[in-house]
Amino acid sequence: SQELEQSPQSLIVQEGKNLTINCTSSKTLYGLYWYKQKYGEGLIFLMMLQKGGEEKSHEKITAKLDEKKQQSSLHITASQPSHAGIYLCGAPISGSARQLTFGSGTQLTVLP
Amino acid sequence: SAVISQKPSRDICQRGTSLTIQCQVDSQVTMMFWYRQQPGQSLTLIATANQGSEATYESGFVIDKFPISRPNLTFSTLTVSNMSPEDSSIYLCSASLAVGETQYFGPGTRLLVL
């Protein structure tokens, strides 16, 4: 079965600093989702990447998909306390599936 | 996009009882899913809720324990039966409009079993 490994598991940064979270798959990626979760709450959709080399940005968050490396990265520029939370990557379990498998998450803390 | 609501948002239940969680989507969707997130863990897919037919369960999950209904294209329920403390988790439903479309999640139901 496909496994997604996220790194780092947790991250503490000072407000204003940049940071990167990585998500590496054990198998071919058929797209990659990034979500943010506040403690004990639901998932907020951030971005979906479907093609190798694709890069998307929303406000200060940029995500890239490297299909060859079976990897995606999420980069936050000039972090703010509002960026704090758990970031989860998810990927379809197969090319035709919509069911997702998830990484273990990265806990981000932004210190004011 | 799709807006998904869940009821209840949280509950505390006694061992041996059952709880039914409702999931409502504000538009018709082709597929709906139920996930579980145990404390400190990531999400695990329980089953795919199929409209008008039996749900498709993932390995380790069975219909007797997690019966699912999906009477139409906007609504689904998940029942957690004969609960034990190990069932304490956040249960989330999700939906996508079509293949390749974004998958949206509900706010989750926090369940604590005593």
Side-chain angles (χ1 to χ4, degrees), chain A residues 1-10 21-26 29-52 54 56 58 63 65 74 85-108, chain B residues 1-11 21 23-25 29-50 55-61 68 88-112:
Chain A
S1 61
Q2 182 177 36
E3 291 184 1
L4 296 177
E5 185 174 328
Q6 283 186 240
S7 62
Q9 288 187 330
S10 65
I21 299 169
N22 293 304
C23 176
T24 303
S25 173
S26 60
L29 282 170
Y30 298 100
L32 198 289
Y33 292 79
W34 283 101
Y35 294 89
K36 178 184 173 185
Q37 184 179 33
K38 289 282 192 181
Y39 177 73
E41 298 180 5
L43 274 63
I44 300 168
F45 170 76
L46 295 176
M47 270 169 275
M48 178 176 69
L49 305 166
Q50 292 182 290
K51 301 175 186 176
E54 188 172 12
K56 287 188 177 179
H58 176 66
L65 179 61
L74 185 83
I86 300 170
Y87 289 81
L88 291 156
C89 63
I93 58 175
S94 70
S96 59
R98 278 169 282 175
Q99 296 89 331
L100 300 179
T101 186
F102 283 88
S104 54
T106 296
Q107 172 82 56
L108 172 63
Chain B
S1 66
V3 177
I4 303 175
S5 59
Q6 285 184 233
K7 288 184 190 178
S9 58
R10 57 180 62 212
D11 207 342
I21 302 168
C23 177
Q24 179 75 55
V25 189
V29 291
T30 51
M31 293 182 83
M32 295 178 73
F33 307 97
W34 286 97
Y35 290 83
R36 179 175 75 180
Q37 187 177 30
Q38 294 177 299
Q41 308 270 329
S42 190
L43 279 73
T44 302
L45 180 66
I46 298 172
T48 301
N50 300 311
T56 304
Y57 290 84
E58 298 300 308
S59 175
F61 298 97
I68 289 171
S88 299
S89 296
I90 300 174
Y91 291 86
L92 300 111
C93 74
S94 72
S96 64
L97 299 176
V99 175
E101 292 287 327
T102 300
Q103 189 164 138
Y104 296 96
F105 281 79
T109 295
R110 293 192 77 181
L111 171 61
L112 177 63

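Below, chain A is the first sequence line, B the second, and so on; all start at residue 1.
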Practice task
Might you confirm whether atom CD of B:Q41 has over 12 heavy atoms from other residues, nucleotides or ligands at distances under 6.0 Å?
Solution key: yes

Handout entry: Nearest non-hydrogen partners of A:Q99 and B:F33, listed with the distance
Key = CG-CE2, 3.3 Å

Problem - Partners meeting side chain to side chain donor-acceptor pair (under 3.5 Å) with B:S42 (sequence neighbours left out) - result: none

Practice task
Return yes when atom CD of A:Q9 has more than 12 non-hydrogen atoms of other residues, nucleotides or ligands closer than 6.0 Å, and no otherwise.
Solution key: no

Problem - Contact origin within A:Q6 toward chain B - heavy atom pairs under 4.5 Å - result: neither

Handout entry: For A:Y87, all residues meeting ring-ring contact (aromatic ring centres under 6.0 Å, His included), sequence neighbours excluded
Key = none

Practice task
Using a cut-off of 6.0 Å, state whether more than 12 heavy atoms not belonging to B:K7 lie near its atom NZ.
Solution key: no

Exercise for the section: Could you tell me which of A:G103, A:G31, A:G105 has the largest number of non-hydrogen atom pairs under 4.5 Å with chain B? Expected result: A:G103

Exercise for the section: First locate atom CG of A:L100, then atom OG of B:S94, and finally report the distance between them rounded to the nearest 0.5 Å. Expected result: 6.5 Å

Handout entry: Interface moiety of A:L43 toward chain B, non-hydrogen atoms closer than 4.5 Å
Key = both

Handout entry: Engaged part of B:I90 at the chain A interface, taking heavy atoms whose separation is under 4.5 Å
Key = side chain

Completion exercise
In short, A:Y33 meets B:T102 closest at the heavy-atom pair CE2-CA, 3.9 Å

Practice task
Give, as side chain, backbone, both or neither, the part of B:Q6 having an atom under 4.5 angstrom from any heavy atom of chain A.
Solution key: neither

